[in-house]
Amino acid sequence: MNRALSGLGWEVLLVFILIGLVWFGASISPVFLSASNFSNLIAAGMEVAIVAIPMTLIVIAGEIDLSVESTVGLTSAVLGFLWAAGVPLQVGIPLVLVMGALGGLLNGVLVTRAGLPSLVVTLGTLALFRGLASVVLGPRAISNFPAEFNAFGFGNVPGTPIPWPLVVFAILAVVVGTVLHRTWIGRHIYAVGKNQGAARYSGVRVARLKIALFVLSGTIAALAGVILTSRLSSARADAGQGMTLAVVTAVLLGGVDIFGGSGTLGGVVLAVFTLAVLQNSLRLTDVSAQLQSIAVGLLLIVSVVLPKVVRQIGERINRSQRQPPRSPSLAKVISQ
C-alpha cells in the first residue's frame with residue numbers, strides 16, 4: 001500500500017490533477033484548448049521543464065542546485081554581449097554552454113571537495129552568477145538577433161502546434177530517464193541519495209558522481225538560457241529570475257523526495273505539465289503575477305507535505321496489517 005501510494009500511485013494522482021486542471025482551463029476560457037494557446041502554454045514552460053531534468057537527478061542524489069536561474073541569466077547576458085561584439089552564434093552558443101558547465105563544476109567541487117552544503121554553495125553562486133551577468137551586460141538588452149535564432153524559441157515544428165523547445169525537452173527526458181531508470185549510473189544516483197556512506201563503501205565514486213551531476217545541471221541550465229533568449233528575442237542580465245522556485249516545485253511535486261533516494265523522472269514530467277497548465281489557466285483569468293507566485297509557493301509546500309502524510313498513512317496501514325491477532329487472555333480461558 002505504501003509503495004503504491006508513494007510510487008506509481010503518486011503519478012496516477014498527478015494524472016488526475018492534470019486532467020482536472022485542463023477541465024478547469026477549458027471551462028474558464030474558450031481559447032484554452034486552441035492550438036495557439038497550446039503552443040504558448042508549452043513554450044512558456046519549457047525552460048523550467050528543461051532545467052527540472054538535471055535538478056531531478058541532483059535532488060535524488062541528496063543535493064540541490066539553487067543557482068540554475070542565475071546560470072540562465074548569465075548565459076543570456078554573455079550570449080548577448082558576444083553577439084553585440086560581433087561573435088557569431090555558432091561560436092557564442094558553444095562558449096556559453098561550456099561556461100555553464102564550468103559554473104556547475106565550481107558548485108560540484110565546492111560541495112564534494114570542500115565538504116560544504118549544496119544549499120549554501122549554490123545560494124552563494126546564485127548571487128555570484130547574477131552579479132556577473134549584471135557586470136557583463138548591465139541594464140541594457142540586446143535584441144538584434146537573427147530571425148532564424150528567434151524562430152527556434154517560439155516557432156513550431158512545421159505543420160504542427162509543437163514548439164521546437166518541446167522537442168529538445170522530449171529528447172533530454174528520454175535520454176536522462178533511460179540513464180536514471182535503466183543503467184548502473186541511475187542505480188548509483190539512488191544509492192548515494194539513500195545512504196551516501198554505504199554507497200561509498202560499496203564502491204560508488206560519490207564525489208565524481210556528484211560533480212558530474214552539477215556539471216550536467218550547469219550545462220543544461222545554460223541551454224535553457226539560450227532557448228529563453230531565443231524565445232524572448234532579447235538577452236538580459238535578469239533573464240530567468242524566479243525560475244528556481246518553479247523548478248524545485250516541479251521536482252518535488254513530481255514525487256522526488258527532498259531528502260534524496262527516491263523519485264522518478266516520469267513524475268517530474270507530469271508535474272512540469274501540471275504546473276504549466278495551472279499557470280496558463282491563471283494567466284487566462286488575468287490573475288496577477290504576484291498571485292501566480294503565491295499559488296506556486298503554496299503548491300511547493302503541498303508537494304513537500306502531502307507525500308510525507310501519504311507515506312505516514314501507508315506505514316500505519318502496513319503496521320496494522322502486520323500485527324498478529326490478539327489471543328484470548330489466560331483468565332478468560334480458565335473461566336471458560
For the student: nearest non-hydrogen atoms of [X] and [Y], plus distance:
X	Y	result
I50	A224	CG2-CB, 4.4 Å
T125	S70	O-CB, 4.4 Å
N107	S67	ND2-OG, 3.1 Å
L137	A77	CD2-CA, 3.8 Å
S76	S234	OG-O, 4.1 Å
N37	V31	CB-O, 3.2 Å

Please answer: with hydrophobic residues joined when any side-chain heavy atoms are less than 4.5 Å apart, are [X] and [Y] in the same cluster?
X	Y	answer
I19	L282	yes
L126	V135	no
V174	V268	no
W23	L275	no
V120	M55	no

Between atom [atom1] of [X] and atom [atom2] of [Y], what is the distance when rounded to the nearest 0.5 Å?
X	Y	atom1	atom2	value
L18	T274	CG	OG1	4.5 Å
D65	F214	CG	CZ	5.5 Å
I162	I42	CD1	CD1	9.0 Å
L66	T71	CG	OG1	11.0 Å
R231	N150	CZ	CG	12.0 Å
L209	R200	CG	CZ	11.0 Å

Would you say the side-chain atoms of [X] pair up with the backbone N or O of [Y], donor to acceptor, closer than 3.5 Å?
X	Y	value
S143	S233	no
R130	A237	yes
T56	A52	yes
S217	P54	no
T285	S281	yes
W83	N144	yes
T229	G225	yes

Can you tell if the side chain of [X] reaches within under 4.5 Å of the side chain of [Y], non-hydrogen atoms only?
X	Y	value
E11	L270	yes
N156	F38	no
K210	V192	yes
L89	L79	yes
F24	V277	no
L166	F169	yes
V296	Q279	yes
V206	T112	no

Is the closest side-chain donor-acceptor distance between N280 and N40 under 3.5 Å? no
So which residues get pulled into L102's cluster when ILVMFWY side chains under 4.5 Å apart are joined, directly or through others? V98, L105, V109, I211, V215
After noting the C-alpha distance and the side-chain angles of V168 and M46, does the key distance pass the side-chain contact (heavy atoms from CB on, under 4.5 Å) rule? CA-CA 9 Å; V168 176; M46 278 302 97; over 6 Å; no
Step by step, would you call E63 with L213 a side-chain contact (heavy atoms from CB on, under 4.5 Å)? CA-CA 10 Å; E63 304 292 348; L213 294 180; over 6 Å; no
For T244, give me all partners under side-chain hydrogen bond (donor to acceptor under 3.5 Å, both in side chains), at least two apart in sequence or on another chain. E69
Could you walk me through whether M243 and V72 pass the side-chain contact (heavy atoms from CB on, under 4.5 Å) test, one step at a time? CA-CA 9 Å; M243 181 185 292; V72 170; 4.0 Å; yes
Does any pair with a residue in residues 176-212 pass ring-ring contact (aromatic ring centres under 6.0 Å, His included), and if so which ones, sequence neighbours excluded? W184-H188
Count the heavy atoms belonging to other residues, nucleotides or ligands that lie under 6.0 Å from CZ of F81, then report whether that count exceeds 12.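 Not more than 12 within 6.0 Å, no.
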How far apart are the C-alpha atoms of V22 and L33, what are their side-chain angles, what is the distance that settles it, and do they pass the side-chain contact (heavy atoms from CB on, under 4.5 Å) test? CA-CA 8 Å; V22 170; L33 295 178; 4.2 Å; yes
